[in-house]
Amino acid sequence: MALSREELIQAVSAQMPAKRWKHTQGVMESAVALAEKYGADPVKADVAAILHDVAKYWPVAEMEAVIRDNSLNVELLQHDKQLWHSEVGAFVAERDYGVSDSEIIEAIRWHTSGRVGMSLLDKVVCLADYIEPGRDFPGVEYIREQAQRSLEEGLIAGFDSTISLLLSQRRVIYPLTVLSRNDLIAQL
Ligand SMILES: [Fe+2]
Ligand SMILES: [Fe+2]
């Protein structure tokens, strides 16, 4: 089953509140721009961006069921629920939306935490999620500036902002976020 781009947009936008769809449109815009700037495939970046938050508003119990019933990464269930939608989104992109391209599926899977050895498309989608035009958190301008230098500099600034916020709030840091950040530094 391959949906047209318009059908995909219709189906995904119906899964979320208008505000989150607006964010998704911003990620589409930023992901395509970053793909064009840094030599990734803009069509794949667009599809991954459309789908990246498809599961963001699923009930927690449904996300948990999909992760358990399909033997996805159950270790995630020990961590912040905010991380679950990426894994579930990657799964439903293939099952429910007919995406068969593994680069797109993996870019959805790793858009929140990153991973060690991020692909070019992973980097584009993850960074676009930080800097899309609707984002307005302290430090976003610095991340946008770094994103103009390189994908890696942009992502390091993004992960640093996430880690700093979690530290300041005395919250648990997902270890893969730290490993992703360290790996990007090693790549520079
Ligand atoms: Fe997300
Ligand atoms: Fe997002």
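Both ligands and their constituent atoms are indexed starting at 1 by order of listing.
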Within the distance-only criterion (no hydrogens, no angle test), does the side chain of Arg68 pair as donor or acceptor with the backbone N or O of Met63 below 3.5 angstrom? no
Assess whether a salt bridge exists between Arg109 and Asp122, defined as any Lys/Arg side-chain N lying under 4.0 Å from an Asp/Glu carboxylate O. no
Are side-chain heavy atoms of Thr112 and Gln82 found at a separation under 4.5 Å? no
Taking the N/O/S atoms of Asp129 one by one, which is nearest to the Fe ion (ligand 2)? OD1
Ignoring hydrogens and angles, tell me if any N or O in the side chain of Arg115 forms a donor-acceptor pair with the backbone of Leu176 under 3.5 Å. no
Per residue His23, nearest N, O or S atom to the Fe ion (ligand 2) is named NE2
Tell me whether the Fe ion (ligand 1) has Asp53 as a neighbour, meaning an N, O or S atom of it below 2.8 Å. yes
At less than 2.8 Å, would any N/O/S atom of His111, backbone or side chain, sit next to the Fe ion (ligand 1)? yes
